[in-house]
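A note on names: the letters A, B, ... follow the listed sequences, proteins ahead of strands, and every chain is numbered from 1. Computation of the quantities below employed the complete heavy-atom set of this structure, encompassing side-chain atoms and omitting hydrogens, waters and symmetry-equivalent molecules.
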Protein chains: 2
Amino acid sequence: MTQTNDFRVDIPELLARQPLFQQMSMEHVNLMATQAREKRLGRGEMLFQKGDMPRGFYVVIFGQLKLAFPSSAGNEKVVDIIGPKQSFGEAVMFMDKPYPVFAEAISDTLVLHVPRDVIFELIRTEPTFAHLMLAGLSLRLHSLLQDVETYSLRSSAQRVVGYLLQQCPGDVGALGEGEIQVTLPTTKQIIASRLNLTPETLSRIFHDLAEAKLISVQGKQITINNARQLREYDI
Amino acid sequence: MTQTNDFRVDIPELLARQPLFQQMSMEHVNLMATQAREKRLGRGEMLFQKGDMPRGFYVVIFGQLKLAFPSSAGNEKVVDIIGPKQSFGEAVMFMDKPYPVFAEAISDTLVLHVPRDVIFELIRTEPTFAHLMLAGLSLRLHSLLQDVETYSLRSSAQRVVGYLLQQCPGDVGALGEGEIQVTLPTTKQIIASRLNLTPETLSRIFHDLAEAKLISVQGKQITINNARQLREYDI
DNA sequence: GGTTTGGCCTGATATGGGTCAAGGCGCTTG
DNA sequence: CAAGCGCCTTGACCCATATCAGGCCAAACC
C-alpha cells in the first residue's frame, strides 16, 4: 500500500492549525511556511537518534512516528506516538542539549521541519507568540506529569482503561452508556510499550476486559460497550 | 527547634540567582521583588492542594517542600523535593488549569510568591526573558522525561544508585574513586516515594549496597566508597 | 520515670506482571 | 498455492517488589 498519489499539503494552513500557532497572524505563519522543509520517511526509518543535536521542530503531515528511549536489552520504552497534524521536538530547541529520545517512523510518513531560527525570531518580535509557546510547553509538561502519575499510581489494567477512554473521540468527560468505537492508532506492541506493559500483558488485559463484557476487540477496532462501567473498572 | 531568629533575605538577590533570571537586568529583578510576597509554613502545612488555581510561582527561601500526587489509598506519589533557592510552579501559570499536584512543607519553610502578572508583563516587554523562560521550562520537561525513563527502564536498585550519584556535589560526570559524602535531603520515606519504592524496599537496597561495600549508611549520611563501582552496580 | 510518636529496619509471605516457549492467524511475496 | 514473516495470543512458570506484621531506637511529651 505505497502512498504513490502525489500528496499536496497546504503548509501554511497546516501550521496555522497547530495549537501553538492558532492565534498568530497569517503573515508570520507564512514566514514559517517558507522556511519549512518537507521530509519523507519510510516505515521503520529514523528521523533522529537519541543524542543528535536538534535544529528545529517537526510537524507530522501524514503517517506516524514514535518517540522512544532506546535500551540495551532491545526493549525500548515508547514515550509518545505522534500522528498527523501533531508537532513535536519544540522543547529541545531551547536547550543546548541533544535529543533525549529517538524518533522512528512507524508507517510511511511525511514530516515538516521548521528551523528554530524562525521560531527564535518570532519570539524576539512577537510577545504573544512567546506566550503561546510557553503555554504549549506547559501543556506538554502537564501531560508528562500525568503519565508519571499513571505509571506510579495505577495498575496495568487501569492504565489500559485510561488509554482507551483517552482515545474516545468525544474527549474525556463524555461517559455515555452507549457503544463507542475506538481505533488503535498503531500496533499493540507499541501501545503496550507506551503504557509500560509487555505485549503479553496487554493482550491478557484486553482478554479480561472482553470477558467482563466491557469491550470487544476485533484487531485494532475496539468497541467500548459502556464507558461509564469501563471507567469504574478496578484490578 | 523553632526558627525564631529573625530571618532576613535579600529578595532581589535570591531572585537574580534563579537559573531563569540570571541574564535579566537588575531593574526587572527589582520589579519582581517588589511584587513578591513571603509566606511562612510550618512542617506538614499545605502550600496548595491539587486542584487549586495557581496565581503565580514560588521560590523556596529556606526549608523544604514536596510536590506529590495524592492517592485514595493514602499512599501518595512524590514527584519532586524542593529545597532552598529552587523555584516551582512556573508551568501551571501559563495554562488555565489547576495544580496537578499538591505542595506540602516537609520542614519549617519560607517561600516567596511571585504573582504571574509580573511575569506576563516581562514576557510582553522583554523578549530575552521569554526566551529564558522557555529554556527553563524545557529543562523541566527534560528532567521529567528522564524520570519517565528511569521509572520504566531501570530496576529499583538502579534507581537508588542513580539518585545517590545525582546527589553528589561535584555533579554527575565526576566519578572519582575516592569517598564521597552525601546527605539525604529528607526522610527515607519521602525519598522512597520519589523513587517509586516502598520504604521497606529502599531500606533493603541500602542494606544490600552497604553489604557489597559500595556505600555505608549512618542515618541521613551516606558515604559512597567508590562512585565508579557504584555506577556500574547491577541488579 | 514512663509513654507516645515517628522513622527505620527486618522477616515472612503474597502477587502483579514479566519471561520464556509455542502456536495461530493473516499478510505479503515468489 | 506454499512459504515466510509480523503480529498477536496463550499457557506455564518465575521473580522483583509490594504487603503485612512485628520490633527497635531516639526524641518529644506528660
Separation of [N] [atom2] from [X] [atom1] (nearest whole Å):
| X | N | atom1 | atom2 | answer |
| --- | --- | --- | --- | --- |
| A:K77 | C:dG18 | NZ | P | 11 Å |
| A:I190 | D:dG6 | CD1 | P | 14 Å |
| A:R154 | C:dG16 | CZ | P | 18 Å |
| B:L202 | D:dA18 | CG | C1' | 14 Å |
| A:L195 | C:dG16 | CG | P | 19 Å |
| A:Q218 | D:dC8 | CD | C1' | 15 Å |
| B:F206 | C:dC8 | CZ | P | 10 Å |
| B:Q221 | C:dC8 | CD | C1' | 17 Å |

Please confirm whether the shortest side-chain N or O distance from [X] to OP1 or OP2 of [N] is below 4.0 Å.
| X | N | answer |
| --- | --- | --- |
| B:H207 | C:dT10 | yes |
| B:T187 | C:dG7 | no |
| B:K188 | C:dC9 | yes |
| B:T201 | D:dT17 | no |
| A:K220 | D:dC7 | no |
| B:T198 | D:dT17 | no |

* To do: Mark yes when over 12 heavy atoms from residues, nucleotides or ligands other than A:K220 sit less than 6.0 Å from its NZ; otherwise mark no.
  =>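 For A:K220, atom NZ is crowded (more than 12 foreign heavy atoms under 6.0 Å).
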* Asked: Side-chain donor or acceptor of A:R204 under 3.5 Å from a matching atom on the base of C:dG16?
  ->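 A donor-acceptor contact between them is absent.
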* To do: Check whether the side chains of A:N196 and A:K77 place a donor and an acceptor atom closer than 3.5 Å, and report yes or no.
  =>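 A:K77 and A:N196 do have a side-chain donor-acceptor pair below 3.5 Å.
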* Determine whether the side chains of A:S87 and A:E90 contain a donor N or O and an acceptor N or O closer than 3.5 Å. =>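 Note: A:S87 and A:E90 side chains meet the donor-acceptor criterion.
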* To do: Answer with base, sugar-phosphate or nothing: what part of the nucleic acid does A:R43 contact at a heavy-atom distance below 4.0 Å?
  =>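 Result for A:R43 = sugar-phosphate.
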* To do: Could you tell me whether A:N75 contacts a base, only the sugar-phosphate backbone, or nothing, with contacts defined as non-hydrogen atoms closer than 4.0 Å?
  =>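 The residue A:N75 makes no contact with any strand.
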* B:P185 side chain near B:I191 side chain, heavy-atom distance below 4.5 Å ->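 They are in side-chain contact.
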* Asked: So A:F88 and A:Y58, would you call those rings parallel, tilted or perpendicular, with 30° and 60° as cut-offs?
  ->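 The arrangement is parallel - the two ring planes meet at less than 30°.
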* Asked: Quick one: on DNA chain D, does B:E200 or B:I205 contact a more 5' nucleotide (nearest heavy atom)?
  ->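 The 5'-side residue here is B:I205.
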